[in-house]
S.K.: 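Structure incoming, see below.
In what follows, chains carry the letters A, B, and so on, assigned in the order in which the sequence lines appear, proteins first and then strands, with residues in each chain numbered from 1. None of these values were measured; they are calculated from a predicted model.
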Amino acid sequence: MRKPCCDKEGTNKGAWSKQEDQKLIDYIHLHGEGCWRSLPKAAGLHRCGKSCRLRWINYLRPDIKRGNFAPDEEDLIIKLHALLGNRWSLIAGRLPGRTDNEVKNYWNSHIRRKLINMGIDPNNHKLYQTSPLLPHAASSSSHHHHLNLDLTIAFPAHYSSSPTFTLAEEDDNNNNDNPKPTSENMDESNPTLLLFQ
DNA sequence: AACCCTCGCAACCGCCAGTAC
DNA sequence: GGTACTGGCGGTTGCGAGGGT
């Protein structure tokens, strides 16, 4: 049988040093990604393979876009989250240069709070029935999420500033863990999902 | 100046599906 | 066919920075 990916004894943990980063970068430039189990030893790193993978994927990869999220990126995250839920890797896959960890962190630290302040429940993207912040939200919510009859856009009316897009092409190619909504499985409160059939 | 609190982010942990043995 | 390992994912934690008192 194979050996475990790493023995926890004798491995560094916590923040990466510049030297460790450089060793990892140099090794991957020479040998490419993959085989994370054997990489630490081969690269001279006292790290778990998993830790190396994470460091590379989330921080060292040359194609990573760093810095603030643009408004359209934020918009897209909100929309994708409304469709996919907390499937950060899928969401990040649609934002070039962004990692799932970054998207997840940005959601939890910025967007989530922003939606709450707008009176929107970040879990289901519906307006709160009763909001301490927006006392009038209860009356307006019944209009918003039950009467979204705009079939050209797949999101609730409170996301109206956003551009339209479709997931259809990827679903056709590979994606069976994101089954297309059907009249059987769709949420009746969200009629717009029918667009993806 | 010192202390406390909050926030953002990097990194870890545990779980799971796929797959090698 | 069963077991163990790998790679990937989402949830969570912990630390450092910055702001407030």
S.K.: If you count the non-hydrogen atoms of other residues, nucleotides and ligands that lie under 6.0 Å from NZ in A:K41, is the total more than 12?
M.R.: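 At most 12 heavy atoms, drawn from other residues, nucleotides or ligands, come within 6.0 Å of this atom.
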S.K.: For the base of B:dG14, is there a side-chain donor-acceptor partner from A:K50 under 3.5 Å away?
M.R.: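 A donor-acceptor contact between them is present.
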S.K.: Side-chain N or O of A:R47 versus OP1/OP2 of B:dC12: is the shortest distance under 4.0 Å?
M.R.: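 Yes, within the criterion.
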S.K.: Reckon A:Y106 touches a base, only the sugar-phosphate, or nothing at all at heavy-atom distances under 4.0 Å?
M.R.: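 Nothing, no heavy atom under 4.0 Å.
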S.K.: From the list B:dA11, B:dC13, C:dG7, which nucleotide is the closest neighbour of the side chain of A:A15?
M.R.: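 That would be B:dA11.
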S.K.: Evaluate the ring planes of A:W107 and A:H81, with Trp represented by its six-membered ring, and classify them as parallel (under 30°), tilted (30 to 60°) or perpendicular (over 60°).
M.R.: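 Parallel.
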S.K.: Say you draw a straight line from CG of A:D121 to CZ of A:R112; how long is it, rounded to the nearest 0.5 Å?
M.R.: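 One finds 8.5 Å between CG of A:D121 and CZ of A:R112.
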S.K.: Taking atom C1' of B:dG14 as reference, at what distance in whole Å does atom NZ of A:K13 sit?
M.R.: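 Spelled out: NZ on A:K13 to C1' on B:dG14 is 12 Å.
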S.K.: Ignoring backbone atoms, establish whether A:S89 has a side-chain N or O less than 4.0 Å from OP1 or OP2 of C:dC9.
M.R.: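 The answer is yes; a side-chain N or O of A:S89 sits under 4.0 Å from OP1 or OP2.
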S.K.: Measure from CZ on A:R98 to P on B:dC9 and round the result to the nearest Å.
M.R.: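 These atoms are roughly 10 Å apart.
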S.K.: Measure CZ/A:R66 against P/B:dC9 and give the value in whole Å, please.
M.R.: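 To the nearest whole Å, that distance equals 10 Å.
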S.K.: Roughly how many Å is it from CH2 in A:W56 to P in C:dG8, rounded to a whole number?
M.R.: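 From A:W56 CH2 to C:dG8 P: 14 Å.
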S.K.: May I have the distance from A:N108 (atom CG) to B:dT6 (atom P), rounded to whole angstrom?
M.R.: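 Value for this atom pair: 18 Å.
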S.K.: Any sub-3.5 Å donor-acceptor pair from A:R113's side-chain atoms to A:S109's backbone N or O?
M.R.: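 Such a contact is found between A:R113 side chain and A:S109 backbone.
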S.K.: What I want to check is whether an N or O donor and acceptor connect the side chain of A:N58 with the base of B:dA11 at under 3.5 Å.
M.R.: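 Side chain to base: no pair below 3.5 Å.
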S.K.: For B:dA1, which nucleotide is its Watson-Crick or G-U wobble mate, given both distances must be under 3.5 Å?
M.R.: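 For B:dA1, the partner nucleotide comes out as none, under the 3.5 Å rule.
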S.K.: Is the phosphate of C:dG8, meaning OP1 or OP2, less than 4.0 Å from a side-chain N or O of A:W36?
M.R.: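 The answer is yes; a side-chain N or O of A:W36 sits under 4.0 Å from OP1 or OP2.
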S.K.: A:E102 has an atom CD; how far is it from atom P of C:dG11, in whole Å?
M.R.: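 Taking CD of A:E102 and P of C:dG11, I get 17 Å after rounding.
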S.K.: What is the distance from CZ of A:R112 to P of B:dC9, rounded to the nearest Å?
M.R.: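 Between P of B:dC9 and CZ of A:R112: 16 Å.
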S.K.: Could you tell me the separation between the CG atom of A:N86 and the P atom of B:dC15, rounded to a whole number of Å?
M.R.: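 One finds 18 Å between P of B:dC15 and CG of A:N86, rounded.
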S.K.: For the side chain of A:R113, counting heavy atoms from C-beta on, which of C:dC9, B:dG14, B:dC7 is nearest?
M.R.: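 Within the option list, the nearest is B:dC7.
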S.K.: May I ask you to verify if any side-chain N or O of A:W88 is less than 4.0 angstrom from the OP1 or OP2 atom of C:dG8?
M.R.: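 For C:dG8, OP1/OP2 do not have a side-chain N/O of A:W88 under 4.0 Å.
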S.K.: Side-chain N or O of A:R87 less than 4.0 angstrom from OP1 or OP2 on C:dC9?
M.R.: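 Answer no for this pair, as no side-chain N or O of A:R87 is under 4.0 Å from OP1 or OP2.
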S.K.: For salt bridge (charged side-chain N to carboxylate O under 4.0 Å, His left out), just list the numbers for A:K114 and A:E74, CA-CA rounded to whole Å, side-chain angles, deciding distance to a tenth of an Å, and then say yes or no.
M.R.: CA-CA 11 Å; A:K114 193 171 168 181; A:E74 184 176 315; 2.5 Å; yes
S.K.: Under 4.0 Å between any heavy atoms, over every strand shown, what does A:K104 touch: base, sugar-phosphate, or nothing? Just pick one.
M.R.: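 The residue A:K104 makes base contact.
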